[in-house]
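Both backbone and side-chain heavy atoms feed into the values below; hydrogens, waters and symmetry mates do not.
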Amino acid sequence: KGNYMAGINYLYKAADVAGKNDIHDTDELANFYCNLGGELLSVGENDKAWQYLNKAQLFAVKTKDTNVQARILADMAGVYYQKNILDSALPLFLQSLDISKSSGNIDAQKTTLENIGKLYIKQKQPERGIEYLNKALDINTKSATDDIMIYYDLGNAYYQMKNYKKAEDILLTVAKLAERSGVKSHLTDAYLILAGVYAETGRYKQAYEQQRAYSILYDSVLNEASAQQFSQEETKYQAAEKDKEIARKQLLLAQQESKL
């Protein structure tokens with residue numbers, strides 16, 4: 001994380017210099033600040049992410065790049081979501097969804113519908129969450145295996161509603177898809193809620209088995225994560241280095257334009 005944050009710190013400096021130069025390419029600036037805000041959001045730097053997403057929005061409104069506009073609004077919603085300010089996140093997600101629909105960006109629509117569904121579930125409004133998650137599933141941009149998280153959220157929603165039969169059916173499907181694809185994180189999620197389903201319906205032996213499977217797999221995931229940490233950090237560092245190179249080129253362009 002240290003190297004990754006060092007790369008982001010470089011982008012901070014690039015952003016400050018870019019802001020002090022008279023750059024006329026608003027599309028580039030909107031993308032630059034949007035990417036920086038998104039990177040910060042992904043590492044939990046919510047306040048800093050918001051700062052640069054606001055800058056991105058100022059440039060985005062001057063452009064016709066609706067995809068960038070939708071991304072900025074979705075990431076701003078993500079900041080509120082991570083801070084658990086859900087009432088503020090929802091209108092931004094909805095604005096992002098409207099823009100994605102107008103531009104025909106199907107992938108962005110699917111992702112935003114899924115995020116709205118998650119938000120409603122987090123607000124303990126599972127019926128509304130199910131409505132949006134089903135809309136996300138109706139958009140066939142990915143395979144069923146890639147939709148595992150949406151199915152998991154659906155199972156969680158039905159569990160909240162105490163519709164244990166529906167929750168069980170969906171979560172068993174999630175478990176099969178996760179086992180087939182090797183996505184262990186989704187498998188642990190499914191095991192944990194299935195344990196709750198079985199406990200609530202008096203099937204205590206199965207509840208114990210699911211809880212035990214969850215514990216074993218969770219420990220396995222933690223051990224693998226520890227073993228892979230160095231490799232992951234190196235990958236992040238390489239990604240940050242690429243961003244630094246892009247920022248360096250943008251700085252050169254800014255300096256050249258300021259001399260004209």
Side-chain angles (χ1 to χ4, degrees), residues 8 11 15 18-19 23-123 125-143 146-154 157 239 243 246-247 250:
I8 290 180
L11 293 178
I23 302 177
H24 302 292
D25 193 337
T26 52
D27 286 313
E28 284 292 329
L29 285 170
N31 269 291
F32 177 73
Y33 287 125
C34 179
N35 290 337
L36 178 52
E39 292 288 348
L40 289 164
L41 178 62
S42 70
V43 294
E45 295 284 345
N46 295 322
D47 291 334
K48 292 176 181 177
W50 184 265
Q51 175 187 346
Y52 288 103
L53 290 169
N54 261 320
K55 287 188 176 184
Q57 191 175 44
L58 291 174
F59 291 104
V61 295
K62 300 176 184 178
T63 76
K64 295 181 180 179
D65 192 337
T66 54
N67 289 329
V68 173
Q69 292 170 13
R71 279 173 51 211
I72 293 168
L73 288 168
D75 281 347
M76 288 179 129
V79 171
Y80 280 130
Y81 185 89
Q82 289 195 10
K83 289 186 168 187
N84 207 35
I85 310 175
L86 304 181
D87 288 339
S88 296
L90 181 57
L92 292 174
F93 274 137
L94 291 172
Q95 288 179 53
S96 177
L97 180 61
D98 286 341
I99 293 173
S100 296
K101 285 180 177 178
S102 297
S103 65
N105 189 331
I106 294 176
D107 288 322
Q109 289 176 51
K110 187 182 184 83
T111 300
T112 306
L113 286 166
E114 179 182 357
N115 286 331
I116 294 171
K118 288 176 181 288
L119 184 149
Y120 276 122
I121 292 170
K122 198 171 184 179
Q123 285 186 322
Q125 299 183 59
E127 295 91 346
R128 296 300 307 276
I130 289 169
E131 174 189 344
Y132 281 91
L133 292 172
N134 280 326
K135 288 179 180 178
L137 287 174
D138 286 340
I139 298 176
N140 297 316
T141 59
K142 300 177 181 178
S143 69
D146 292 328
D147 287 334
I148 293 175
M149 200 63 210
I150 300 178
Y151 285 117
Y152 164 75
D153 288 323
L154 278 172
D243 286 340
I246 293 171
Q250 289 175 326

Exercise. Is NZ or CZ of Lys122 both nearer than 6.0 Å to the six-membered ring centre of Tyr81 and within 45° of the ring axis?
Worked result: yes
For this session: Sequence neighbours left out, what passes ring-ring contact (aromatic ring centres under 6.0 Å, His included) with Tyr132? Give chain and number order.
Result: Tyr120
For this session: Flag the pair Phe59 / Asn31 as yes when at least one side-chain heavy-atom distance between them is below 4.5 Å, and no otherwise.
Result: no
Exercise. Between Ile99 and Thr66, what is the shortest heavy-atom contact and its length?
Worked result: CG2-O, 3.4 Å
Problem set entry | Any donor-acceptor pair under 3.5 Å from Lys55 side chain to Tyr33 backbone | no
Problem set entry | Approximate separation, where rounding is to 0.5 Å, of Asp75 CG and Leu36 CG | 11.0 Å
For this session: Answer yes or no: is there a side-chain heavy-atom contact under 4.5 Å between Val43 and Glu39?
Result: no
For this session: Identify the heavy atoms of Gln82 and Leu41 that sit nearest to each other, and give their distance.
Result: NE2-O, 3.5 Å
Exercise. Applying the side-chain hydrogen bond (donor to acceptor under 3.5 Å, both in side chains) test to Asn105, which of Thr112, Asn67, Thr111 qualifies?
Worked result: Asn67
Problem set entry | Side-chain heavy atoms of Leu119 within contact of Gln125, under 4.5 Å | no
Show me the donor-acceptor pairs, under 3.5 Å and distance only, between side chains in residues 83-90 and residues at least two apart or in other chains.
residue, atom, partner, partner atom, Å
Lys83, NZ, Asp47, OD1, 2.5
Asp87, OD1, Gln123, NE2, 3.0

For this session: Tell me, with the steps shown, if Asn115 and Lys118 meet side-chain contact (heavy atoms from CB on, under 4.5 Å).
Result: CA-CA 5 Å; Asn115 286 331; Lys118 288 176 181 288; 4.1 Å; yes
For this session: Output yes when a side-chain donor or acceptor of Ser96 lies under 3.5 Å from a complementary backbone atom of Leu92, and no otherwise.
Result: no
Seminar exercise, completed: Between Asn54 and Met76 the two heavy atoms that sit nearest each other are OD1-CE, 3.2 Å
Exercise. In Å, rounded to the nearest 0.5 Å, how long is the span from OG1 of Thr63 to CG of Asp27?
Worked result: 5.0 Å
Exercise. Are Glu114 and Asp147 close enough, and set up right, to give a side-chain contact (heavy atoms from CB on, under 4.5 Å), and what steps lead you there?
Worked result: CA-CA 10 Å; Glu114 179 182 357; Asp147 287 334; over 6 Å; no
Problem set entry | Residue pair Cys34 / Arg71: nearest heavy atoms and the distance that separates them | SG-NH2, 3.3 Å
Problem set entry | Atom pair CZ (Phe32) and OH (Tyr52), whose distance is rounded to the nearest 0.5 Å | 8.0 Å
Problem set entry | Residue of the set Leu154, Leu113, Ile150 for which side-chain contact (heavy atoms from CB on, under 4.5 Å) holds with Asn134 | Leu154
Problem set entry | Test: Glu131 and Lys135 ion pair at under 4.0 Å | yes
Seminar exercise, completed: Note: Asp153 and Ile121 closest approach over all heavy atoms is O-CD1, 3.3 Å
Exercise. So which heavy atom on Pro126 is nearest to which on Ala157, and how close?
Worked result: CB-O, 3.4 Å
